[in-house]
Each structure stands twice: as C-alpha cells, then as structure tokens.
Amino acid sequence: MDSNKGIFGLFGSILRNFVLFLYALFVLFPLIWMVILSLKPDEHMVTTTFIFSPTLENFRAVFGQEGFLRSLWNNLVVSSLAVGLSLVVGVPAAYALGRYQFKGREEIAFTFLSFRFVPEILIIIPLYLIYQKLGLIESVSGLVWVYQLISLPLLIWILRGFFEDISPDIEGAAQLDGYSWWQVFFKILLPMVKPGIVAATLLGFILCWNSFTFALQLGGASMQTSTVSTTRFLASDTVHYGWVAAAALLSSLPGVILALLIQKHLVRGLSFGAVKG
Amino acid sequence: MASVELQGLTKYYNKRRALENLSLDIHDNEFLAVFGPAGAGKTTMLSLIAGIATPNSGTIKIGGREIGGLAPADRNVAMVFESYALYSQFNVYDNMAFPLRSPKFKLPEDKIKERVTHHAKVMRIDHLLERPIQALSNGQRQRTALGRALVRNPDLFLLDEPLSHLSANLRHSMRVELKEMRTQLGTTTIYATHDYREAMSLGDRVAMLNGGHLLQLASPDDVYFRPASIDVAKFFGDPEVNILDAKLKSSGGSKLSLHMLEENIPLPLPPDVVQVLNEKHTSKIQVGVRPPDVRIAREGDKQAFHATIYSFEPLGTRSILTLKAVDGSLVRALVDGHQTFEMDRRTQFRIDPHLLIIFDAESQRFLARSAEFSEEP
C-alpha cells in the first residue's frame, strides 16, 4: 500500500509540475515571443524559426527615434503624479468610507467603483470635448486628472477594507496614550495599512503606465506616453515589428520589475482586506 | 488619583439608547466594578469617561474638574480595551513605551526603559519585551495591554472586560492577580465585566447596569444579599436565584408568616422583616431564595416542602438539583456533591425564612431581608 502510494505520489507530483509548466508556458509565451522578436533582425521577422543571430539593432533604432525616451519620461511623470494624487485624495477617502457611518456611504463608495465599469473608449469623445474647452489637452495635469479614473477607485476600495479591519479601539487607545488624532493617523493607522497602500500604489501605477486610450486621445502629440509612442513604429507603409517589440518590451519593464520587487506585499495587500465575513 | 462624578449621562447611537441618565459618584481610590450583560452600556460608560465618545447630555468630572470638552489625551485616563487594542506593528516594549513617547507624556528614553522594564516585571512579561504582538498568547496580550495602561500613572483606570477572552483557568488566576495589583495601584479604577464573580471579588462597590440604566450601586454583599430588584437578584449568582410567589398571613399578634408552593407550612418571618412589611403595608410579595439556601430535609420532616427530583447535575464538589414542588414550580438547589439523587424520586426540602429576600410583587423591588442569621434547627 505504502509503496503504491509513494509511486503514485511521485507520479502525481511530476504530473502536477508538468501541467503547471504548460500553463506557465502558455501565459508567458507572448512575453517570450516579444523578447524573441525584439532580438530578431528584420528579415527573420515573419518566420517562426528560433535559430537566428540575435541583434540589438532594434533597440538601437528605438532609442534613435526622436521622442521615445521622452515618452518614457512622460509616462513616468504622469503615472507617478497620478498615483501620488490618488494617495493624497484616496487614503482619507478610504478612511472615511471605512470608518464613519453616514448617509450615502455605500452610494459614494459604489460611485467610485463605477468609474471602472465604463470602457474608456465610450467616454473618450465627451471627455475630449470637455478637455478642449478647459484647455487641458496635451497637458500633464490633464492626464493626471483623467488617470484618477483608473487609480483612485482601486486605491479606495483596497484601503477601505484595510481601515474597516482596524478596530476603532486602536484609535481610542492611541488617543488616550497622549496623541492627537492626526498623530494617531500617521503613527498608528498608516503603518497598519501599509501593505494595502503598497499594493494599491503599485497596481495603480502599472494600470496608469499601461493606459492607452486616454493617453492617445488626451495626450496628443506633445504629451505622448510610451504606450502611445510604441505605435508610431506601425507606419502605414512599413511595419517594424522588431522596433515595436523592443519599444513594448522597454515600456513593460518598469511594471515587471516593480511587481517582482514587492510581490510579497502585493499578494498580502490584495488578499488581506478582501476576505470578509 | 481622583474621584469621578457622572451626572445625568445619556448617550444614543443613532436611535439606539446606550445609556440613559446615568448618575454616579466614584470615590477617590475606589475600585468600582460595573456589572451588566452584553449591551448594558458598560463600554459606552467607559468610552464617555475616556472621551472616545461624546455624550448627548450630562457631565463628567474627574477630581472635581469638568472634562466634557477635553480631548482624550488631556484627561489623563488610561483604558484597557476588551480587544486589547495593541499596536500590531510594534513589539511588546514599543507598545508599552508608546504612551511615554507621546507629546503629552514625553520622557527621555532611559527613563522610559526604566519604567517599561519595571512594569513588565510587575506584569511578568519582562521576558517577552522583544516579541511581536502576533507571537503572544491572549493572556500575554492582556498583560501587555494592562502594562501599557500602567506605565504612565494615570488619574483613573478604565478596564473594559479585560479577562473575558481568557481561558477559564487563566481568568481565575488573573482575577487573583488583579485583586493583588489593585492594592498596589492605589488609583481609582472602573472595571467593566459581565461576570458577576469578577464584579463581586474585585469591586469595592458594584454598579449594576442593564439596558443603559443603573439598577443598583452598592457593596458586593449588598448587591448579593439585598438586591434592589428581582432583575438584579437574577443576575448575581449561579445557579440563578429562585423567585417564588408567597402569601402573607397573620399568625397572631404582630407576627406574620409566609405561605408558599401551595403547602400548609407557615414560615414565621423574623421580627425585623415583619416590621419593614408593616411599615410599607405590602400584602403582595415574592421571595427570592438562593439555591445554596435550599436544604434537602429528612423524610417526614413536618416543616419541609414536598417535591420530586426534576433534574440532577453533578458538578464535582457541588451538584445542582432541580426540584419540582407540589404546585409545579421548579426550585433550584445547590447541594453537596457527595450525594446522588435519582430522577423522579420524592424528597423534601426546607427553606430558612431568615435567608429569604423579600420583594414587592408589583414593583419587583426589594423590601426586606432579615439581618439576623438563624441557628440551624
């Protein structure tokens, strides 16, 4: 019996790992394909051959293009500012929605969430017209503002769960220990919701960084982000797939690196506040 | 050290009443146990004194000083919460040091270290100072919370059910420890609990709260032996007090005797009880009999009531016996654990009239109890 089980256990574990490997391959294949494309010379572009002499020509070409580095910088500035603003606005909002009982509390929370329901493409034309009137087209502040639709609901909903999990007794205790409410907030509450802040900030940043529709329509030519400038290599006459792949790879790197760096916080942050009785 | 005066405190949460017109005085250095079931308003009372919640009306004075408008930090009150409310990002030492690092009670670090280690020793958690809160047992968390309250010599301690989440054994040993600590503390303390034993063993006086109302404020002895109402009597004591209907009959001269359980056994009332009853002109009464005061009698005892055994719960040294009397009412008795009783067997029991608690049947309020304890017949 025991040896049978042992053989079955071994076999099961091999099978399990094999299935997981297949799944990982399936998920990672687009990324792998992109890396391969970015290293291929133009003439091998449409073949499926995996044997070629790798070249960095595509990257050289991308960096040589005027404005690509600029667009990476633009994206970094806009996404960081957007997430920064979301933090300033969203942390107090999440606290209020998590802690205070007031009329319309659920409605307000739901309104924030509903920002995420509408496809961006559906509201882009009215938004464009409004932005035109307000003179926000092609400006940093305009993009930062519209990115709140992406990062703010995420932050509020993740952090709200965290704040709800902190007993009001903690605040009372810290106030009795001789601190003002603001000191309690910064010294006690913020450190307690740190995993949530890290996770929401990171996710918000990645979503803003990857945003395409808003950046394309509202950023225009002078405030191009890297997602938009990548498409410039898709010209009507020639398509430099190698260049596109290299540019896409470069602009996906920050997200990947960030996610790997704080993977631990990410899982904890997203699962912690979410599980509710 | 300070006295506390509550005057007409009322607190509503939305439309729900938590406290209604609560007035009571707590003496300097007193240990007041606030006892009541869940939802009685105990925590609300403590939160109002601490300043975490604001009353709808009423005033609070600590040491004669009105503190209504003061922030919690300015009241110099320490509170131990039912949930302990420890700061999970800190270890034990930093939790205890936290009040002493505040702008309000700031001390230099070496002084902090001195105080924290001293109080950690008192609470017997000095070997745990480096531990994170997550690595502590409930008992250790509770000590840490107490330690954090102790380090800064407050005017007033508020303890909100500090023992309720501990295991039964630990609860008892902590109760003994608290009793010992309370003599060392020498600080006015308000202790909320839903365990009548804690209230009676720890409190100089016991305030019984229910439904946001103060039902009685008296010494533990008074609350137990002379409860203000039938409700109060029912909350103290386990098994619960027996409340029985009784008729008063004159038995010649100024003497009165009781008849109950539909049997013809007159229980002569002690003269001091008779005097009170005559003064108050009460005719309809109910009596409370504590289960330990119900005695199993010898077969054929003329003065004993008749019953059958309804249920029998052996609990070691004591057993709870439920007797079904002639009129069908159930009477609980606490008897010696060495005896065993067969179900449905006939038996007899005695009730000593000196130990009866007499209530007014209409108002349900306390009337009298004899001051003299009878000699066993």
Side-chain angles (χ1 to χ4, degrees), chain A residues 91 94-107 158-159 161-201 262 264-265 267-269 271-273 275-277, chain B residues 13-16 43-44 46-54 70-90 94-107 133-134 144-158 160-162:
Chain A
V91 172
Y95 175 81
L97 288 170
R99 181 62 90 230
Y100 300 126
Q101 300 289 334
F102 54 89
K103 222 176 161 186
R105 167 174 113 129
E106 288 308 316
E107 286 77 4
I158 290 177
L159 286 187
F162 271 83
F163 281 120
E164 276 175 350
D165 278 354
I166 298 176
S167 157
D169 288 353
I170 297 265
E171 279 173 58
Q175 280 176 283
L176 283 171
D177 281 347
Y179 294 83
S180 72
W181 187 87
W182 282 104
Q183 289 163 329
V184 174
F185 189 76
F186 283 108
K187 276 185 196 268
I188 297 293
L189 296 183
L190 278 191
M192 282 184 164
V193 299
K194 202 176 83 188
I197 291 184
V198 171
T201 306
I262 44 181
K264 201 181 72 190
H265 286 290
V267 174
R268 212 169 95 81
S271 55
F272 199 71
V275 188
K276 280 261 151 59
Chain B
Y13 287 109
N14 293 324
K15 294 258 156 64
R16 202 177 56 79
T43 302
T44 307
L46 298 190
S47 315
L48 292 179
I49 297 173
I52 300 166
T54 26
L70 293 183
D74 299 325
R75 300 187 178 198
N76 201 19
V77 165
M79 180 159 173
V80 176
F81 293 81
E82 188 179 355
S83 62
Y84 311 140
L86 295 170
Y87 313 125
S88 53
Q89 67 267 44
F90 297 152
D94 290 329
N95 262 280
M96 288 178 68
F98 192 68
L100 302 178
R101 289 175 179 155
S102 73
K104 191 79 194 167
F105 311 106
K106 197 157 187 59
L107 283 181
I133 297 302
Q134 290 85 349
T144 309
L146 268 170
R148 186 180 63 189
L150 287 172
V151 287
R152 60 180 176 84
N153 302 329
D155 289 337
L156 173 66
F157 272 120
L158 305 172
D160 189 7
E161 310 225 9

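Here is the naming used below: chain letters follow the sequence lines, and residue numbers restart at 1 for every chain.
Interface check for chain A: of the options Pro99(B), Gly51(B), Ala145(B), the most heavy-atom pairs under 4.5 Å are formed by Pro99(B). When each of Ala173(A), Pro168(A), Pro191(A) is scored by its heavy-atom pairs under 4.5 Å with chain B, the top score falls to Ala173(A). Of the listed residues Arg101(B), Glu82(B), Lys106(B), the one with more heavy-atom pairs under 4.5 angstrom with chain A than any other is Arg101(B).
Note that CZ of Phe163(A) is 4.5 Å distant from CZ of Phe185(A), once rounded to the nearest 0.5 Å. A distance of 12.0 Å separates CG in Asp94(B) from CZ in Arg148(B), rounded to the nearest 0.5 Å. Separating the CG atom in Asp165(A) from the CG atom in Leu159(A) is a distance of 11.5 Å, to the nearest 0.5 Å. To the nearest 0.5 Å, atom CD of residue Gln101(A) and atom CD of residue Glu106(A) are 8.5 Å apart. The structure places CG of Asp169(A) at 7.0 Å from CD1 of Ile52(B), a figure rounded to the nearest 0.5 Å.
With Ser102(B) contributing its side chain and Asp177(A) its backbone, the two residues share a donor-acceptor pair below 3.5 Å.
Only the backbone of Leu86(B) comes within contact range of chain A, judged by heavy atoms closer than 4.5 Å. Residue contact with chain A, scored on non-hydrogen atoms closer than 4.5 Å, is absent for Ala71(B). Only the side chain of Gln183(A) comes within contact range of chain B, with at least one heavy atom under 4.5 Å from a heavy atom of that chain. For chain A, the nearby parts of Tyr87(B) are the backbone and the side chain; heavy atoms of each come within less than 4.5 Å. If you measure heavy-atom distances from Phe90(B) to chain A, the contacts under 4.5 Å come from the side chain alone.
Within residues 72-79 of chain B, the residues that have a heavy atom under 4.5 Å from a heavy atom of chain A are Pro72(B), Ala73(B), Val77(B), Met79(B), listed by number.
Defined by atom type and a distance below 3.5 Å, a donor-acceptor pair is missing between the side-chain atoms of Asn95(B) and Thr144(B).
Here the shortest heavy-atom pairing between Arg99(A) and Arg105(A) reads N-NH1, 4.4 Å.
Ring geometry, Tyr179(A) versus Phe98(B): the interplanar angle falls under 30°, so the pair is classed parallel (tilted spans 30 to 60°).
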